[in-house]
There are 2 protein chains.
Amino acid sequence: MSVKEIPDIVVGRLPIYLRALQHMAQEGRQVTSSQELGERLGISAAQIRKDLSQFGEFGKQGTGYNIEFLAGQLQQILHLDRVWDVVIVGAGDIGSALARYQGFSHRGFRIKMIYDSDPTKIGSQAGGFTVKDSGGMVAEIKAAGIKLAMIAVPAASAQVVANQLVEAGVQAILNYAPVNLVVPNGVHVQYIDPSTHLQHMTYYLD
Amino acid sequence: MSVKEIPDIVVGRLPIYLRALQHMAQEGRQVTSSQELGERLGISAAQIRKDLSQFGEFGKQGTGYNIEFLAGQLQQILHLDRVWDVVIVGAGDIGSALARYQGFSHRGFRIKMIYDSDPTKIGSQAGGFTVKDSGGMVAEIKAAGIKLAMIAVPAASAQVVANQLVEAGVQAILNYAPVNLVVPNGVHVQYIDPSTHLQHMTYYLD
DNA sequence: TAGATTGTTAATCGATTAACAATC
DNA sequence: TAGATTGTTAATCGATTAACAATC
């Protein structure tokens with residue numbers, strides 16, 4: 001008897017569902033259906049029901065899903081029933097914008113530290129944080145037990161930084177540098193690169 | 001006889017291949033193989049060959065791919081053999097960081113204008129641009145014939161802005177607002193939301 | 001009850017991988 | 001030539017959709 005393995009593509013849709021549900025909750029809504037959710041998100045109702053059914057039975061025939069309940073369940077599934085500390089590496093334009101970004105606290109994250117190696121940036125302020133010297137980064141992240149990091153350094157330094165983060169015990173990296181990272185098994189990486197996203201879409205333009 | 005339809009998931013990998021090839025070219029490399037490329041990117045060699053074969057024959061048996069040639073072919077396929085003008089809507093932290101970002105020009109894009117509706121931001125400077133009043137946005141984008149836009153406004157305004165961009169003739173939108181957009185057929189949208197990406201990864205942490 | 005919507009199964013559709021002839 | 005690597009086919013694997021019994 002094997003533990004069912006949830007496809008990563010399904011896991012990736014859960015935060016989308018959660019975001020839509022929280023939006024509906026803010027509108028004062030109480031219940032929704034797979035059909036309504038699907039229309040909002042451009043996803044088929046069948047797929048939403050199938051995705052959710054991987055984790056349990058959250059709805060009621062005839063009425064649909066209680067929004068607050070389902071949102072709570074998704075938060076548990078995604079381990080968002082607690083606050084995750086996050087470290088930012090790189091205090092340039094992107095790193096500073098991330099440090100100032102107000103959108104993390106509602107969504108389960110708390111920026112804890114921001115690092116840079118540039119002596120002209122170390123000690124300066126970014127979104128209420130004092131930029132720290134990346135020389136002490138590995139030891140400090142390890143001591144704080146932080147598992148999540150965002151990389152916002154130039155492409156040429158990103159792999160070195162990733163290696164340090166892995167050494168520090170980081171298990172999930174959101175990489176803004178336009179380069180693929182090689183990391184050990186068990187370390188998760190997601191990529192954000194506006195140019196890559198734009199280049200994907202220009203294919204369809206003429 | 002039908003024109004072969006390229007899967008979107010294949011199109012989405014092409015910019016990744018292109019980026020790796022340009023990186024290799026910068027290192028002074030002349031040729032590569034599907035195997036080497038795959039190892040760099042964590043993608044199987046078979047998949048890379050299959051993807052490329054959808055568009056033509058770009059390699060040589062026994063030797064592999066000429067890096068400069070393949071990069072040029074991918075640029076043509078992705079319509080990157082010209083510069084695309086891009087408009088930014090929203091001059092907050094994210095919009096300003098995008099306006100200052102130096103990474104677009106190498107990759108085929110040129111920021112043309114940045115808009116905001118906030119009177120305290122209109123007229124201010126952001127990355128060498130003067131923030132314009134979004135009141136004139138639709139007419140100005142239409143007049144300039146711009147097809148690409150990045151949305152960096154609060155979630156509550158994003159759908160309204162998207163509607164205006166569509167009205168202005170924009171066909172591809174990179175959306176930084178944490179909300180799903182509903183757009184007509186033929187308009188392409190890509191999403192960047194750091195919280196959503198982080199929430200995807202916390203599933204695997206404990 | 002009648003209507004609506006879930007959870008789930010089976011069918012369909014699509015993407016990835018393995019393997020190898022062709023050939024540089 | 002011998003070795004290497006492509007382009008492509010067939011097989012496998014995985015994801016999505018359609019349909020419907022169960023039931024609120």
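These values consider heavy atoms only, across backbone and side chains, with no hydrogens, waters or symmetry-generated copies. Keep in mind the model is a prediction, meaning the values are calculated, not measured. We name chains A, B, ... by the order of the sequence lines, and we start the count at 1 in each one.
Taking atom CD on B/E57 and atom P on D/dT9, their separation rounds to 11 Å, with Å as the unit. Straight-line distance from the CG atom of B/D51 to the C1' atom of D/dT8: 14 Å, rounded to whole Å. Taking atom CD1 of B/I43 as the reference point, atom C1' of C/dT17 lies 14 Å away to the nearest angstrom. At whole-Å resolution of the value, CG in B/D8 and P in D/dT16 are 13 Å apart. Going from atom CD of A/Q47 over to atom P of D/dA15 covers 10 Å, rounded to whole Å. What separates CD of B/Q54 from C1' of D/dT9 is a distance of 14 Å, to the nearest Å. B/Y17 places its OH atom 15 Å from the C1' atom of D/dT6, with the value rounded to the nearest Å. If you measure from atom CZ of A/F58 to atom P of C/dG7, you get 8 Å, rounded to the nearest angstrom.
Under the 4.0 Å criterion applied to side-chain N and carboxylate O atoms, A/D116 and A/K132 are not assigned as salt-bridge partners. Contact check on B/K121 versus B/D133 returns no salt bridge, with no Lys/Arg side-chain nitrogen under 4.0 Å from an Asp/Glu carboxylate oxygen. A salt bridge links A/R29 and A/E36; the closest N-O separation between the charged side-chain nitrogens and carboxylate oxygens is under 4.0 Å.
Proximity of B/M150 to B/V89: side-chain heavy atoms (C-beta onward) are nowhere separated by under 4.5 Å.
Residue A/Y65 places no side-chain N or O under 4.0 Å from the OP1 or OP2 atom of C/dA4.
Using cut-offs of 30° and 60° for the angle between ring planes, the B/F109 and B/F104 rings count as perpendicular.
Stems are defined here as 3 or more consecutive Watson-Crick or G-U wobble pairs with pairing distances under 3.5 Å; those involving DNA chain C are C:3-24 with D:3-24.
A donor-acceptor pair shorter than 3.5 Å can be found between the side chains of B/R40 and B/H23. Checking A/Y203 against B/D8 by side-chain atom types alone, no donor-acceptor pair falls below 3.5 Å. Residues B/T196 and A/R107 have side chains that bring a donor and an acceptor to within less than 3.5 angstrom of each other. In the model, B/Y204 has no side-chain atom that pairs as donor or acceptor with a side-chain atom of A/Q171 under 3.5 Å.
Residue pairs that meet the side chain to side chain donor-acceptor pair (under 3.5 Å) test with at least one member in residues 147-161 of chain A, sequence neighbours left out, are A/Q159-A/N163.
Side-chain atoms of A/H79 come within 3.5 Å of backbone atoms of B/L205 as a donor-acceptor pair (strictly under, hydrogens ignored). Judged by distance alone, with hydrogens and angles left aside, the side-chain atoms of A/N175 form a donor-acceptor pair with the main-chain N or O of A/V179 at under 3.5 Å. Under the 3.5 Å distance criterion, the side-chain polar atoms of B/Y101 are left unmatched by any main-chain donor or acceptor of A/P194.
Residues passing the salt bridge (Lys or Arg N to Asp or Glu O under 4.0 Å) test with B/R49, sequence neighbours excluded: none.
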Counting primed atoms, P, OP1 and OP2 as sugar-phosphate and everything else as base, the B/S/- map of nucleotides 19-24 of chain C against protein heavy atoms under 4.0 Å is B--BBB
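Contacts of residues 29-40 of chain A with DNA chain D (heavy atom under 4.0 Å): none.
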Please list, for nucleotides 10-14 of chain C, all pairs of protein and nucleotide N/O atoms separated by less than 3.5 Å.
none

